[in-house]
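Before any comments, here is the structure.
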2 protein chains.
Amino acid sequence: MTLYIQAIAIIYKIMNDGRPYSYVLERLKTARLRPTRQRLALAKLLLETDDRHVTAEQLHCEASSAGIKVSLATVYNTLHQFTKADLLREVVVESGRAYFDTNTSEHHHIFNQDTGELCDIPDETISVLVLPDAPEGTKIDRVEIIVRVKSLR
Amino acid sequence: MTLYIQAIAIIYKIMNDGRPYSYVLERLKTARLRPTRQRLALAKLLLETDDRHVTAEQLHCEASSAGIKVSLATVYNTLHQFTKADLLREVVVESGRAYFDTNTSEHHHIFNQDTGELCDIPDETISVLVLPDAPEGTKIDRVEIIVRVKSLR
DNA sequence: TGTTTAGTTTAGAACGATTCTAATTTATTG
DNA sequence: CAATAAATTAGAATCGTTCTAAACTAAACA
Ligand SMILES: [Mn+2]
Ligand SMILES: [Mn+2]
Ligand SMILES: [Zn+2]
Ligand SMILES: [Zn+2]
């Protein structure tokens, strides 16, 4: 499923050399989000890979360096709108800083506590053996595994 | 191991009816932390159960209601000192709020995203099947599973 | 096409959790 | 009992994030 989305992204990129926005345009349309200059630019940075884990601050810097004029407030708005529309998901690994994940499929993470680097674990290499029952009056929404690593030395 | 610590705590409580501080005193001593009035009081709230998950704010309120005069800064200092000394551990489930866990043994959590309630999963009812290799130059520090639940309706 | 409307962006203020500062108090050592 | 080192504290500062309300822009409509 993830591979499928990535493949589509690549095909679009190849097909639309001269109209590089049509892929993200399509995805914004589907999500019923107006394709404003800012959203298009951020979508282009975010939606053409499914292997990115960014903070708002990082994305804002990246946009700025790429010459995109966008406020930090809009970056936050956009990240939340994209998350709501299932174009992104949020990953909690540090208190006090939110990461947004361009991979919306079910998967787990390795987090380097020294560098702050967050990356995906290939599905095949991890899984949960037994699951507890959800407490009375609740239902399981999602199960998250975080492998916390430290840099050697 | 956890049961052992809990058993010791209970035994101390039974043995020391008239001198209710000796258990936590002992633990502070072992951790080389001076038994100040504030630390003793907080230790008493925290170290006599291994099944509590509190935020700094919560603990500060609880202390205040119990008539313990302690500043929020000291609550933060103490929580971090206890964590460093392995009397507590930190659990990250929400960005923007840190939880401290009186159970320092390896275990996993159920987090109710609607109520903010955090509780332990009994060891037997969950486990990780396969583990990925740590990336080059890193080593695994800990593996965390968080079962996120929602309240029904 | 304009014109209207609703949605979007933005600067800057506000916020909540946490950390820091530097002065005061307290515990320990000799 | 000093003298010393460590701990506490109020309040300021910081940091990530959210809010506000005014200006702007895309879409719908005349
Ligand atoms: Mn959020
Ligand atoms: Mn911390
Ligand atoms: Zn991911
Ligand atoms: Zn726990």
Side-chain angles (χ1 to χ4, degrees), chain A residues 21 24-46 53-64 67-85 87-88 90-100 116 118, chain B residues 21 24-46 53-64 67-85 87-88 90-100 116 118:
Chain A
Y21 281 92
V24 292
L25 245 165
E26 193 62 32
R27 300 205 69 191
L28 289 184
K29 198 177 206 172
T30 308
R32 288 197 176 62
L33 292 168
R34 290 186 178 179
T36 63
R37 177 177 58 76
Q38 292 87 338
R39 280 211 276 243
L40 275 168
L42 295 175
K44 214 157 155 26
L45 292 177
L46 292 171
H53 303 82
V54 294
T55 65
E57 200 78 39
Q58 275 169 19
L59 183 61
H60 185 240
C61 287
E62 188 179 339
S64 299
I68 300 157
K69 213 180 133 276
V70 57
S71 72
L72 185 55
T74 296
V75 170
Y76 274 106
N77 289 340
T78 304
L79 286 171
H80 285 130
Q81 290 155 352
F82 283 13
T83 301
K84 202 183 211 177
L87 298 171
L88 295 178
E90 207 178 325
V91 183
V92 178
V93 280
E94 282 187 305
S95 66
R97 187 188 251 42
Y99 283 78
F100 291 86
L118 182 63
Chain B
Y21 281 93
V24 293
L25 244 165
E26 193 62 34
R27 300 205 69 189
L28 289 183
K29 197 178 206 173
T30 308
R32 288 197 176 64
L33 291 168
R34 291 187 179 178
T36 62
R37 177 177 56 77
Q38 293 87 339
R39 280 210 278 244
L40 276 168
L42 295 176
K44 213 156 156 27
L45 291 177
L46 292 171
H53 303 83
V54 293
T55 66
E57 201 77 38
Q58 274 169 19
L59 182 61
H60 185 239
C61 287
E62 189 179 339
S64 299
I68 300 156
K69 215 182 130 273
V70 56
S71 72
L72 186 56
T74 296
V75 170
Y76 274 105
N77 288 340
T78 304
L79 286 171
H80 284 130
Q81 291 154 353
F82 283 13
T83 301
K84 201 183 213 179
L87 298 171
L88 293 178
E90 207 178 325
V91 183
V92 179
V93 280
E94 281 187 307
S95 66
R97 188 189 251 34
Y99 284 78
F100 292 85
L118 182 63

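Per chain, numbering begins at 1; letters A, B, ... match sequence-line order. As the structure is a computational prediction, the values presented were derived from the model and not from experiment.
- Residue B:Thr36 is in sugar-phosphate contact alone, with no base atom involved, counting any heavy-atom pair closer than 4.0 Å across all strands shown.
- If you take CZ of A:Arg39 and C1' of D:dT25, they are 11 Å apart, rounded to a whole angstrom.
- When rounded to the nearest whole Å, the span between CG of B:Leu28 and P of C:dT26 equals 18 Å.
- Under a 3.5 Å cut-off, the side chain of A:Arg39 and the backbone N or O of A:Arg34 do form a donor-acceptor pair.
- As rounded to whole Å, 12 Å separates atom P of D:dT18 from atom CD of A:Gln81.
- Straight-line distance from the CD atom of A:Gln38 to the C1' atom of C:dT9: 6 Å, rounded to whole Å.
- Annotation for B:Gln38 and B:Lys69: closest pair CG-O, 4.1 Å, computed over non-hydrogen atoms.
- Of all nucleotides listed (C:dT18, D:dA27, C:dT10), C:dT18 comes nearest to the side chain of B:Ala98.
- A 4.5 Å side-chain heavy-atom check between A:Val54 and A:Leu46 finds at least one atom pair inside the cut-off.
- Here the closest heavy-atom approach between residue A:Leu72 and residue A:His60 is recorded as N-NE2, 3.6 Å.
- Atom pair A:Ile68:CD1 and C:dT8:P shows a separation of 19 Å (rounding to whole Å applied).
- As a whole-Å value, the separation of B:Glu57 CD from C:dT19 P is 13 Å.
- Both B:Tyr99 and B:Arg37 lie near DNA chain C, and the one whose nearest nucleotide falls closer to the 5' end is B:Tyr99.
- Here the nucleotide nearest the side chain of B:Leu72, chosen from D:dT9, C:dT18, D:dA27, is C:dT18.
- Distances from the side chain of B:Arg34 to the nucleotides D:dA5, D:dT9, C:dT10 place D:dA5 closest.
- Atom C1' of nucleotide C:dC20 and atom NE2 of B:His80 are separated by 13 Å, given to the nearest angstrom.
- Out of C:dA17, D:dA7, D:dG16, the shortest distance to the side chain of B:Tyr76 is found at C:dA17.
- For the pair A:Thr55 and B:Ser71, both in contact range of DNA chain D, the more 5′-proximal nearest nucleotide belongs to B:Ser71.
- Between the CZ atom of B:Arg32 and the P atom of D:dA5 there is a distance of 19 Å, rounded to whole Å.
- Considering only heavy atoms from C-beta on, A:Val93 stays 4.5 Å or farther from B:Val92 through its side chain.
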